[in-house]
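A short worksheet on the structure shown next.
Counting from 1, the numbers follow the sequence of the chain as shown. All figures in this text were calculated on a predicted structure; none of them were measured in a lab.
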Amino acid sequence: MSVRLNVVLVQSAQMSGLQSGINQELVMQLIGSPGLDLAIVSSLDRATASETDRLLLSSLQSDLAVLDWRDSDDVIRTLADSGLTGSRSPHRLDPDVPPVEAGQRRIYVVDLRRGDRPSDVVEALRDLLSQRRVVAVPIVLNRSAKPADKADATEPRAVEPANRSMSATDEVGSDRLSPTTTQVTKKRTADTAEAASPPQRPADATSDRELDALVDDVNDAHW
């Protein structure tokens with residue numbers, strides 16, 4: 001759920017032309033500000049507010065900002081009399097207020113009699129909205145974040161062999177070898193196979209030794 005801030009602008013029929021012009025500028029800028037939900041009422045007082053205004057104020061349950069041409073303490077008392085309770089909370093345009101304890105409803109009051117420009121008022125409200133988002137975002141991240149060590153443990157890692165020696169078969173069968181290199185490799189393979197085989201005795205040398213042995217036996221015989 002996105003973080004939003006309710007903004008109530010009081011626009012009374014008794015306002016001057018200057019006040020009405022400032023309110024009109026505030027309305028134009030607030031309507032184009034994402035996250036700021038603007039509501040316009042004619043009065044905060046239950047006795048003078050219309051039925052629509054009373055229904056609107058009673059539907060606001062979360063923190064809100066109130067823009068009015070009255071003193072901030074007077075605004076808080078009027079809201080409380082109308083059943084909308086909360087604590088006046090500090091912000092950029094109302095800094096001299098003690099912080100509100102956790103769990104209490106915050107009401108940010110802007111006294112338009114201070115003479116702040118409409119752009120400054122809207123910027124202060126945007127700053128309040130940003131502060132509320134900073135508090136909410138880490139809660140979402142902590143629930144869904146995946147620990148780095150678990151992510152590394154579940155993802156397989158490719159291990160490259162340190163060294164790969166090419167066998168004689170790979171050398172001969174490789175398409176990247178030149179014809180000359182292939183012939184040299186085949187010759188070395190043939191020489192290695194010939195050196196490993198046992199020597200063969202010539203057939204003629206064997207026949208001569210057998211004949212000499214036969215002659216020696218005849219000479220040694222006693223006739």
Side-chain heavy atoms under 4.5 Å apart, restricted to Ile/Leu/Val/Met/Phe/Trp/Tyr: what other residues fall into the cluster of Val97, or is it alone?
none
Can you pull out every salt bridge (charged side-chain N to carboxylate O under 4.0 Å, His left out) where at least one residue sits in residues 4-21? Sequence neighbours excluded, please.
Arg4-Asp37
NZ/NE/NH1/NH2 to OD/OE distance under 4.0 Å, Asp111 and Arg114
no
Taking only residues two or more places apart in sequence, or in another chain, which ones meet Arg105 in a salt bridge (Lys or Arg N to Asp or Glu O under 4.0 Å)?
none
Return the set of residues passing side chain to side chain donor-acceptor pair (under 3.5 Å) with Asp53 (not counting sequence neighbours), or none when no residue passes.
Ser42, Ser50
Could you tell me the separation between the CD atom of Gln24 and the CD atom of Gln19, rounded to the nearest 0.5 Å?
14.0 Å
Residues in salt bridge (Lys or Arg N to Asp or Glu O under 4.0 Å) with Asp45, at least two apart?
none
Between Pro90 and Pro98 the two heavy atoms that sit nearest each other are CD-O, 3.6 Å
Does Asp127 form a side chain to side chain donor-acceptor pair (under 3.5 Å) with Gln131? I'd like the steps, not just the answer.
CA-CA 6 Å; Asp127 183 60; Gln131 294 176 12; 2.9 Å; yes
Residues which pass salt bridge (Lys or Arg N to Asp or Glu O under 4.0 Å) with Asp94, listed by chain and number, not counting sequence neighbours:
Arg88
Could I get the full list of side chain to side chain donor-acceptor pair (under 3.5 Å) partners for Ser33, not counting sequence neighbours?
Arg126
Determine whether Arg132 and Asp63 satisfy the following criterion, salt bridge (charged side-chain N to carboxylate O under 4.0 Å, His left out), listing intermediate values before the conclusion.
CA-CA 10 Å; Arg132 294 163 62 84; Asp63 299 344; 2.9 Å; yes
Sequence neighbours left out, what pairs pass salt bridge (charged side-chain N to carboxylate O under 4.0 Å, His left out) with at least one residue falling in residues 21-32?
none
Nearest 0.5 Å, what's the CG-CD1 distance between Leu9 and Ile40?
5.5 Å
What pair of heavy atoms forms the shortest contact from Leu67 to Leu30, and how long is it?
CD1-CD1, 4.1 Å
Show which residues join Ile76 in its hydrophobic cluster (side-chain heavy-atom contacts under 4.5 Å, direct or indirect), or state none.
Val8, Val10, Val41, Leu44, Leu56, Leu57, Leu60, Leu64, Val66, Val75, Leu79, Leu84, Ile107, Val109
Got a sec, which residues hit side chain to side chain donor-acceptor pair (under 3.5 Å) with Ser87, two or more places apart in sequence or on another chain?
Gln104
Nearest atoms (heavy-atom pairs only) where Arg106 meets Glu101
NH2-O, 4.3 Å
Heavy-atom closest pair, residues Met15 and Gln11
CE-CG, 3.3 Å
OG/Ser82 to CZ/Arg54 distance, rounded to the nearest 0.5 angstrom?
9.0 Å
Cluster overlap Leu93 with Leu38, hydrophobic side-chain contacts below 4.5 Å:
yes
How far does CG of Leu112 sit from CG of Asn23, to the nearest 0.5 angstrom?
6.5 Å
Which pair of heavy atoms, one from Ser43 and one from Ala49, lies closest together, and at what distance?
O-CB, 3.5 Å
Rounded to the nearest 0.5 angstrom, the OG-CD distance for Ser130 and Glu123 is 8.0 Å
Residues passing the side chain to side chain donor-acceptor pair (under 3.5 Å) test with Gln14, sequence neighbours excluded, are Ser12
Going by side-chain heavy atoms closer than 4.5 Å, which hydrophobic residues are tied to Met28, directly or by a chain of links?
none
Step by step, work out the side-chain contact (heavy atoms from CB on, under 4.5 Å) result for His91 and Val110.
CA-CA 9 Å; His91 58 90; Val110 177; 3.7 Å; yes
What heavy-atom pair brings Tyr108 and Ser89 nearest, and what distance separates the two atoms?
CE2-OG, 3.3 Å
